[in-house]
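Scope of the values below: all heavy atoms of this structure, side chains included, with no hydrogens, waters or symmetry mates. Starting from 1, each residue takes its place in the sequence as its number.
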Amino acid sequence: MNLTAVRIFPFETREAGGRTLAYAEIEIDGALLVRGLRVVESESRGLFVGFPAQRVRRERLVELVVPLTREARRAVREAVIAEYKRVTGWQPAPRPPAGEGRGGA
């Protein structure tokens, strides 16, 4: 699998309580376009890539695009996150030192 293009469409949802930072699309071998990947920020995991999914009968999400190997998932994740960082200049939010930022005096 050769990722021949990665395009990032950033937007800001944090002020509204969202975690999605951008949508992305990837081109595979110059022959297949996959749209609807999401760049998401998690407090514990940092940036990760969510694959396109659809809600089924209101109770669960089903991924529409599924990498079948760890290597394929890693290749997509690394390419999308690297391009997101390049396009936006993203830096992780600084975390307060232990014991600070939790109220008090």
Side-chain angles (χ1 to χ4, degrees):
M1 178 179 83
N2 184 27
L3 296 178
T4 50
V6 177
R7 291 181 234 5
I8 301 294
F9 305 96
F11 61 93
E12 185 59 55
T13 62
R14 283 182 275 195
E15 288 181 15
R19 299 182 310 151
T20 300
L21 303 176
Y23 278 96
E25 62 185 33
I26 58 172
E27 191 176 299
I28 302 170
D29 295 326
L32 180 66
L33 179 65
V34 177
R35 292 184 172 151
L37 291 108
R38 294 173 297 114
V39 178
V40 180
E41 184 175 28
S42 165
E43 288 183 23
S44 61
R45 293 175 34 191
L47 293 178
F48 68 93
V49 175
F51 285 83
Q54 181 175 355
R55 189 159 302 279
V56 177
R57 295 191 185 115
R58 298 186 192 184
E59 63 240 15
R60 66 183 183 116
L61 285 175
V62 175
E63 283 189 335
L64 301 174
V65 176
V66 180
L68 297 179
T69 66
R70 283 186 188 171
E71 294 79 20
R73 185 176 292 273
R74 184 173 43 247
V76 170
R77 179 188 182 279
E78 289 175 357
V80 169
I81 289 176
E83 184 65 4
Y84 175 78
K85 288 179 178 180
R86 187 190 72 74
V87 166
T88 65
W90 182 85
Q91 296 292 322
R95 294 185 177 190
E100 288 185 26
R102 292 198 159 155

Rounded to the nearest 0.5 angstrom, the CG-CZ distance for Leu37 and Phe9 is 11.0 Å
Taking Leu32 as the starting point, is it possible to reach Val76 by hopping between hydrophobic residues whose side chains are less than 4.5 Å apart? yes
With side chains defined as the heavy atoms from C-beta onward, is the minimum distance between Pro52 and Arg35 less than 4.5 Å? no
Would you say Leu21 and Leu47 make side-chain contact, with heavy atoms under 4.5 Å? yes
Glu25 and Tyr23, any side-chain heavy atoms less than 4.5 Å apart: no
Between Val6 and Tyr84, is any pair of side-chain heavy atoms under 4.5 Å apart? no
Would you mind telling me which of Val65, Leu64, Val34 makes a side-chain contact (heavy atoms from CB on, under 4.5 Å) with Phe51? Val65
Path from Ile28 to Ile8 over hydrophobic side-chain contacts below 4.5 Å: yes
What pair of heavy atoms forms the shortest contact from Met1 to Asp29, and how long is it? C-OD1, 4.1 Å
Write out all pairs satisfying side chain to side chain donor-acceptor pair (under 3.5 Å) with one or both partners inside residues 52-79, taking only residues at least two apart or from two chains. none
Taking every heavy atom of Leu3 against every heavy atom of Ala75, the minimum-distance pair comes out as CD1-O, 3.6 Å
